[in-house]
Amino acid sequence: MPIISVRNLHKRYGKLHVLRGVSLDVEPGEKLCVIGPSGSGKTTLLRCMNFLETYDEGEIHFEGKLLGYRDRGGKRVRDSEANIARLRTQMGMVFQRFHLWPHMTVLENVIEGPVVVLGESRKNAREIAGALLQKVGLGHKCDVYPSKLSGGQMQRAAIARALAMRPKAMLFDEPTSALDPELVGEVLEVMKALAIDGTTMVVVTHEIGFAREVADRVVMMDEGQIIEIGAPDEVLQRPAQARTRTFLSRVLH
Amino acid sequence: MGYDWQFDVLSEYWIVFAQGAIVTAQLTALAFALALALGLLLAFGRLAETVLVRAPAAVYVELFRSTPALVQLVWIYYAMPILTGIKFNSLVSVGIGLGLHTAAYYCEVFRAGILAVERGQLDAAKAVGMRRSQLMRRIVLPQAVRQMIPPFINETASLIKLTTLGSVLAVNELLHASNNLITTTYRPLEIYTALAIIFAVIIYPIVYLSRCLERYWALRS
């Protein structure tokens with residue numbers, strides 16, 4: 001059974017039809033990279049997957065459970081806050097602009113979710129967080145405030161924060177787009193290590209090299225639709241669609 | 001200008017100032033407590049999703065911000081008893097009036113502070129599964145408070161100074177006590193000068209404290 005299943009998803013901002021019938025399955029352990037020009041709806045799709053954006057039509061199921069809505073007398077209504085929050089704890093999200101909490105140290109950022117949301121003991125959470133920060137190469141930055149970190153360090157801390165919830169899937173929203181070029185590599189290294197560990201990952205990215213190396217499947221989106229989906233050496237090397245070829249030639253040069 | 005300052009009037013009647021200061025403190029405490037509680041309620045009201053809560057809160061704030069505090073006090077003391085039958089003594093009337101008045105300004109301070117927190121901060125909190133109450137308490141308010149402190153201190157200093165309006169309703173706060181003293185001693189220059197200094201001595205430490213807090217937080221983020 002797919003871990004995330006998207007069926008005929010539609011999303012509108014007023015008159016702007018951002019997602020026009022997207023369907024997609026993410027299998028457990030799968031690494032999925034979503035590429036496409038800006039405005040193609042890939043970030044919106046990712047944000048719908050943990051209900052940071054509501055959707056207007058279609059369905060998203062997480063492990064078979066409908067995400068964000070429930071049925072009331074044949075009508076679809078927004079699910080309870082508790083249910084939505086519970087589903088979100090099972091997905092980790094990494095943002096383009098990190099969004100670390102500036103009033104907490106790096107370690108406090110990482111233990112916040114486990115302690116406040118999962119009710120873990122601080123001691124336990126600290127140990128796990130320490131190990132995670134070690135893993136992303138920030139073991140020496142535990143007691144530092146985010147403003148003292150470089151962009152690459154902030155993003156690695158944000159990845160550790162998401163991992164601390166022990167999610168069943170990780171969602172990455174252009175995790176390297178806000179970074180200086182020389183800092184991109186260190187973040188991609190951490191993500192590759194996660195991929196090797198077997199983490200289920202959905203990555204919206206412009207890093208074609210990363211997609212080629214890590215992805216099991218690549219999704220190409222344009223104008224709110226998936227126009228091509230398949231193994232990286234198909235979609236990236238021998239794209240069937242002219243729009244994919246145009247897009248790739250633009251990003252690669 | 002050969003004015004002959006006679007400051008011994010102050011040492012002779014210091015008890016009048018002390019009593020006035022106590023009444024000023026009572027007015028401030030009453031108004032502050034009311035304004036803080038009501039201001040918070042109004043702020044969350046103005047941020048509510050349903051317009052049924054948002055609209056009345058907005059009307060309240062705009063009404064109180066667009067009418068003079070003195071008119072509000074006079075209205076509560078003279079007009080409200082006629083219309084509603086509810087009558088407070090002049091001290092309580094002024095305390096409530098200034099509390100209602102300041103609540104409107106506090107509300108805007110709180111609201112602006114909450115809205116100043118970046119949306120991404122909320123997304124990150126929701127993404128780890130926080131509920132609205134957790135997100136407010138753990139992520140939004142700690143950051144918002146830092147934004148709120150300077151304007152909050154401003155409004156509080158303003159509230160302390162507004163207590164002098166109580167003199168119009170014969171509440172024996174500092175200004176009224178001073179005016180009374182002048183009618184018996186005929187030393188307005190000394191007394192008004194002392195009054196100004198007393199207010200500065202009360203208010204400056206609060207302003208200073210806010211600056212210390214700002215500096216402390218700047219170091220910790």
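Below, chains carry the letters A, B, ... as their sequence lines are ordered, and counting in each starts from 1. All values reported here derive from a predicted model rather than from experimental measurement.
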May I ask you to test the [X]-[Y] pair for a side-chain heavy-atom distance under 4.5 Å?
X	Y	result
B:R146	A:H103	yes
A:R88	B:V128	no
A:M104	B:P142	no
B:D123	A:R47	yes

Point-to-point distance, once rounded to the nearest 0.5 Å, from [atom1] of [X] to [atom2] of [Y]:
X	Y	atom1	atom2	result
A:E112	B:M130	CD	CE	4.0 Å
B:R119	A:L52	CZ	CG	8.5 Å
B:I139	A:H99	CD1	NE2	12.5 Å
A:F95	B:Q121	CZ	CD	10.0 Å

Original post:
Would you find more than 12 non-hydrogen atoms of other residues, nucleotides or ligands less than 6.0 Å from A:R122 atom CZ?
Top reply: no

Closest heavy-atom pair, A:A85 versus B:G129, reported as atoms and distance to 0.1 Å, is CB-O, 3.4 Å

Need one label for [X]: side chain, backbone, both or neither, based on atoms under 4.5 Å from any heavy atom in chain B.
X	result
A:M165	side chain
A:L100	backbone
A:A82	both

So, the part of B:Q134 with a heavy atom under 4.5 Å from chain A: the answer is side chain

*asked:* Tell me if a side-chain donor or acceptor on A:E81 pairs with a main-chain N or O of B:R132 at a distance below 3.5 Å.
replied: yes

